[in-house]
Amino acid sequence: ETEEEESDEDDEDEKEVEEEEMEEEEKKKKDRKEDDDSEAEVDEEEEEDEDSSEVEEQENVKAPGKEAAQSKMLPADEEVKTDVEEKTEPGLETAGALRWKEDLAQKATEAYLRQQRAAPNVRKLVYGAVVEEENT
Amino acid sequence: SSSSSMAALTYEGCNFLRQRLVLSTLSGKRVKIRNIRSRDDEPGLRDFEASFIRLLDKVTNGSRIEINQTGTALFYQPGLLCGGSVEHECNVQRSIGYYLEALIMLAPFMKNPLKAILKGVTNDPIDPSVDLLKATAVPLMKMFGINGEGLEIKVVKRGIAPRGGGEVHFSCPVCRALKPVLLTDPGKIKRIRGTAYSVRVSPQMANRIVDSARSILNKFIPDIYIYTDHMKGASSGKSPGFGLTLVAETVNGTLLSAELASTPQGQGDPVLPEELGKNCAKLLLEEIYRGGCVDSNNQSLALLYMTLDQQDVSKTLLGPLSPYTIEFLRHIRDFFQIMFKIETQKADEDEQKGGDKVLMTCVGVGYSNISKSHK
């Protein structure tokens, strides 16, 4: 779910930089063949980009085991990679590198609301972890 | 469980003293409280707490209360709840609501119907006022089957903080066993009622409060009536002040309330009646947003009655649990070994039913009033 929201937010931006991305895609394909370390770079990128790491965390909560396997196949992963490309690519730095700064307030609001919506276990908050043991 | 009833439950610190003593009295379990403000400049129990303990002593028979020299440690062995006619001078550091809340929790389980005369502060900015308890707690008691002519809270004299001088009569019939409740659908707001009171100030103050509160509430619902209550002479207490209590009633009989009182004389910036009226109206809207079938002031009362119900399932939908209620739930577990099932109900934004709710479910301990004879 969260990934869909993500892509929705980025839709408009993507139209604007569509052409640029087409170029990037090609370059990236080349890069991929050359560079096997891109995976490691993705991890670094996630730490830098607060919003995407937020999403990653929530996914971890929902499906901790499958996460690793899924991330390789899903298109959102490619987006992250394009971000990496934009940062490493000297020509596109001004256009793409600052994109994470757009709508920061709105993104923060959404992240906040998302967290609020993710219901905590109230019973556990009230009674502590003892509840779990007693139930089983 | 036999060992737990022998040894006293031990707590630390001054917080939640009332909860602990009330639950101790109802469960018959002894309680020991240590380190009461032990690091404070003025260590030990405050006057209002001592006053509360004296009140507890008056409504019970055979209680043993031991307090150490400095007042930092307390041992309480509860006696039997005997009830009857009680008169108590409530310390003015807290309002009568502080004492009355506890009495409401205990009253149905007394041996004799309780008739209490409480003197002191009827309205202050800290505790739920007598007016609020009269408007919300009494109807809630009726839902649990505590009924009859005798159930009443009456404000005879109004006494505003800091000096008080008010008088309140509270009477409650005894109840053999409480009725389980199923309060899961609050329904829509039907009407709003309120009381704007003023004493030892211009009677116009109450009207100004009503006008400003209406300026906000009129946008939402037409059926609003706010009474003005201006007490004079002997029944106006010792200090000047004013305030407002608002109660929203739903089609299913749920009561959601809010209140504000003026700043006590000589304790900070004075507040304008217009400001107070508006802020109180907003507080009511907040309370309606929180929602649930019991308003946040009475959450713990409802949960206590659910705990002491007949051995049957009770369900109540509440708004977000207040910190006081959360601690109360922990204490209920300590004293009665009852843990509630707590389910979060997501707020549906389309339905516009306010914030998230929690559905509280429990099976009562089957507490029956042994003092009351079968008929």
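Values below: all heavy atoms of this structure, side chains included; hydrogens, waters and symmetry mates excluded. Letters A, B, ... mirror the listed sequences (proteins, then strands); counts begin at 1.
- Within 6.0 Å of NZ in K357(B) there are more than 12 heavy atoms belonging to other residues, nucleotides or ligands.
- With sequence neighbours excluded, the residues forming a ring-ring contact (aromatic ring centres under 6.0 Å, His included) with F144(B) are Y305(B), listed by chain and number.
- The heavy-atom pair separating V122(A) from T344(B) by the smallest distance is CG2-OG1, 3.2 Å.
- The shortest distance between side-chain heavy atoms of I342(B) and Y127(A) falls below 4.5 Å.
- Counting non-hydrogen atoms of other residues, nucleotides and ligands closer than 6.0 Å to CZ of F16(B) gives a total above 12.
- In this structure, the side chain of R123(A) does not engage the main chain of E343(B) through any donor-acceptor pair within 3.5 Å.
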